[in-house]
Structure formats: C-alpha cells, structure tokens
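Read the structure below first, then the notes.
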Amino acid sequence: QVQLGESGGGLVQAGGSLRLSCAASGRTISHYNMGWFRQAPGKEREFVAAVGWSGTNTYYADSVKGRFTISRYNAKNTMYLQMNSLKPEDTADYYCNADDRALSVVVAGKGDYWGQGTQVTVSS
C-alpha cells in the first residue's frame, strides 16, 4: 500500500506562486507514475499534470502549460507541483495520484492511490 499526503496549499493573490508537495509512505515510489488533479467547487475532478517514474516524461493540461511545473525527487519519495502566475480559476482542491501501471493510467485519473487533497485559493 502507498499512502500519499499533499501539503503546500493556501491562499495567494492572483499572479502569485505556490509549491505543492506530495509525500509518499508505505513503499518507495521510484517505479510509480504520478500526477496531480484538482477539483473546484461544483466541478468534476480534472487532470493537471503527470510525471513518469524517472521524472523524464511530463504531461500538462493546456490550462496550466507554461505556468505549472511538475517534478519529483525519488530519493525523498516526494512529488512537487510548482505553480506560478496563479489565476482565480486555479482555485481548487489539489490531489496527487500514483500507480505502478502505465503513465496513461495516471493521466486518465485511474491510478490506485490518492491523497486527501490540499486546498488552493487564488484571490483576484
């Protein structure tokens, strides 16, 4: 079993930055593909970004390309999401996801392991 825990959320003004972390425990995640999703109030959960187990392959939703950067540090069993130029529409609960199957499984939001989420609020 893999347990995931997100941190780093908070309140920030539009144009500001935040860095989210997703710390894994229970197993090493060095061979797990991982991703970030978000869910705004009244909306469905949506894909934000994903990173392959080695950190080489990354994918982003069009809405965050050029503003968000996903990365991971396997030695610390942690994944990150650097969010810059934040907009009010980025306001949501952010969740991390992990799976040891193909990266496409994570991108589709069907990974086996989810965190509890961290709230991000961007004020205008």
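Positions are given from 1 along the sequence. As the structure is a computational prediction, the values presented were derived from the model and not from experiment. The figures that follow rest on heavy atoms only: side chains count, while hydrogens, waters and symmetry mates do not.
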Q. Should Phe47 and Met34 be regarded as members of a common hydrophobic cluster, given that ILVMFWY residues are connected when their side-chain heavy atoms come within less than 4.5 Å of each other, either directly or indirectly?
A. no
Q) Out of Val2, Val105, Asn33, which residue meets the side-chain contact (heavy atoms from CB on, under 4.5 Å) rule with Asp99? A) Val105
Q.
So Met79 and Ile70, do their side chains get closer than 4.5 Å, heavy atoms only?
A. yes
Q) Which residue pairs pass the side chain to side chain donor-acceptor pair (under 3.5 Å) test when at least one of the two sits in residues 14-23, sequence neighbours left out? A) Ser17-Asn84
Q.
Taking disulfide (SG to SG under 2.5 Å) as the cut-off, I'd like each qualifying pair that reaches into residues 31-90, sequence neighbours left out, listed once.
A. none
Q. For Leu4 and Ala24, which heavy atoms make the closest approach, and how far apart are they?
A. CD2-CB, 3.7 Å
Q: Quick one: which residue pairs count as a salt bridge (Lys or Arg N to Asp or Glu O under 4.0 Å) with a foot in residues 114-124, not counting sequence neighbours?
A: none
Q.
Please list all pairs meeting side chain to side chain donor-acceptor pair (under 3.5 Å) that have one or both residues in residues 104-124, counting only residues at least two apart or in different chains.
A. Arg101-Asp112
Q. Val48, Leu103: one ILVMFWY side-chain cluster at the under-4.5 Å cut-off?
A. no
**Q.** Sequence neighbours excluded - salt bridge (Lys or Arg N to Asp or Glu O under 4.0 Å) pairs with any residue from residues 8-17
**A.** none
(Q) Please report the interatomic distance CD(Glu44) to CD(Gln39), rounded to the nearest 0.5 Å. (A) 8.0 Å
(Q) Let me confirm one number: the CG-NZ distance from Asp93 to Lys43, rounded to the nearest 0.5 Å. (A) 13.5 Å
(Q) Are the side chains of Val120 and Leu20 in contact, using a 4.5 Å heavy-atom criterion? (A) yes
Q. Among pairs that include at least one residue of residues 41-104, which meet disulfide (SG to SG under 2.5 Å), considering only residues two or more places apart or in two chains?
A. Cys22-Cys96
Q. Would a distance-only check, ignoring hydrogens and angles, find a side-chain to backbone donor-acceptor pair under 3.5 Å from Ser30 to Thr28?
A. no
Q: Enumerate the residue pairs fulfilling salt bridge (Lys or Arg N to Asp or Glu O under 4.0 Å) with a member in residues 61-70, sequence neighbours excluded, ordered by first and then second residue.
A: Asp62-Lys65, Arg67-Asp90
Using atom types as modelled, flag every donor-acceptor pair under 3.5 Å from a side chain in residues 49-58 to any protein atom, sequence neighbours excluded.
from  : atom 1 : to    : atom 2 : distance (Å)
Ser54 : OG     : Thr56 : N      : 3.3
Ser54 : OG     : Thr56 : OG1    : 3.1

(Q) I want to check something: taking the side chain as every heavy atom from C-beta on, are Arg27 and Gln1 in contact at a cut-off of under 4.5 Å? (A) no
Q: Would you list the pairs meeting disulfide (SG to SG under 2.5 Å) in which at least one residue belongs to residues 30-91, sequence neighbours left out?
A: none
Q) For the side chain of Thr91 and the backbone of Val122, is there at least one donor-acceptor N/O pair under 3.5 Å apart? A) yes
Q: Mark yes or no for whether Asn97, through its side chain, and Gly35, through its backbone, hold a donor-acceptor pair below 3.5 Å.
A: no
Q) Are Phe37 and Leu81 connected, step by step, through hydrophobic side chains (Ile, Leu, Val, Met, Phe, Trp, Tyr) whose heavy atoms are closer than 4.5 Å? A) no
(Q) Can you list everything that forms a side-chain hydrogen bond (donor to acceptor under 3.5 Å, both in side chains) with Glu89? Sequence neighbours excluded, please. (A) none
Q. Quick one: disulfide (SG to SG under 2.5 Å) pairs with a partner in residues 37-95, sequence neighbours left out?
A. none
(Q) Do Met83 and Val12 make a side-chain contact, defined as non-hydrogen atoms from C-beta onward lying under 4.5 Å apart? (A) no
Q: Scan for ring pair (Phe, Tyr, Trp, His ring centres under 6.0 Å) pairs involving residues 55-109, sequence neighbours excluded, and state none if there are none.
A: none
